[in-house]
Amino acid sequence: MSAATGVGAVESIVTGMLREIWTLGHFDMVPRFIHADYTMLDERAEVRLRGREAFIETVAAFRGMFEEPHMSTTHVICGQDMVAYRWELTGRLADAGLLAPSLRAIERHVPEVQLISHRGLSVARIEDGLIIEEWSEADNVSMNHQMGWWG
C-alpha cells in the first residue's frame, strides 16, 4: 500500500466497486476500481479471469440474472495492500425459467420464490489504488438450492 493509500481508501475501493459496478451497472467506472492487469484466482491460485473485459463480462452475466441487483459487504478487513470482504448479492431473478421446474410451478402464486441471496468471501490485493488480484469463494450451493436445484 502506498503512503497515499490508507486503510479507509482501500475499503472505499471495494465498497465503491460493489456499489458502482455490481449494484448500479456503471461499467464505464471499471477503470476507476479495476487494474488493467486484473486477475481473479480460485482457491488453487489458478486464474479464472484475466483483465477488465473478462471482469465486465462476468459482472454483466450475474447482473443479468437479477432485476435490480444489490451487492453489499457485510464485513471488511483491511491491512497493508490487502482487503478481505464478505459480500452478498441479492435480487429477484429476472427470468423464472432459471428456477427448477418444481419452483416454476408455484412462482406465479408465490412470487417471493424468485428472491435470491448469493454470498461469498473475497480477498483483494490493491496496487496503485486499484484491485489487481482477487481470490473469491462463493456459496454456489446455497444459491442453487434457493433456485430449487438440489441435485
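What you see below is based on every heavy atom in this structure, not just the backbone, and it leaves out hydrogens, waters and symmetry mates. The shown structure was predicted, so the numbers you read here are calculated from the model rather than taken from an experiment.
Linking Ile, Leu, Val, Met, Phe, Trp and Tyr residues whenever their side-chain heavy atoms come within less than 4.5 Å places Leu89 and Ile116 in a single cluster. The hydrophobic clustering, which links ILVMFWY residues whose side-chain heavy atoms are closer than 4.5 Å, places Val113 and Met65 together.
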Start with the C-alpha distance between Trp87 and His118, add both sets of side-chain angles, then the distance that settles ring-ring contact (aromatic ring centres under 6.0 Å, His included), and finish with yes or no. CA-CA 8 Å; Trp87 50 264; His118 185 43; 5.4 Å; yes
Run the numbers on Glu68 and Arg92 for side-chain contact (heavy atoms from CB on, under 4.5 Å), then give the verdict. CA-CA 7 Å; Glu68 300 181 21; Arg92 181 179 172 78; over 6 Å; no
Given the rule in the side-chain contact (heavy atoms from CB on, under 4.5 Å) test, do Leu18 and Thr23 qualify, once you have shown the distances and angles that lead to the verdict? CA-CA 6 Å; Leu18 295 177; Thr23 297; 5.6 Å; no
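With hydrogens and angles disregarded, a donor-acceptor distance shorter than 3.5 Å links the side chain of Trp149 to the backbone of Leu98. Looking at Arg119, its side chain never comes within 3.5 Å of a backbone N or O of Glu88 through a donor-acceptor pair.
Residue His109 qualifies as enclosed at atom NE2: its count of foreign heavy atoms under 6.0 Å is above 12. In the displayed structure, Arg50 atom CZ is contacted under 6.0 Å by at most 12 heavy atoms of other residues, nucleotides or ligands.
With values rounded to the nearest 0.5 angstrom, Glu134 atom CD is found 14.0 Å from His35 atom NE2. The CD atom of Glu11 sits 11.0 Å away from atom CD1 of Ile126, with the distance rounded to the nearest 0.5 Å. Atom CG of Leu93 sits about 8.5 Å away from atom CD of Glu67, to the nearest 0.5 Å.
With respect to Arg125 and Glu127, a salt bridge is recorded, a charged nitrogen being found less than 4.0 Å from a carboxylate O.
Between the side chains of Tyr38 and Glu133, no donor N or O sits under 3.5 Å from an acceptor N or O.
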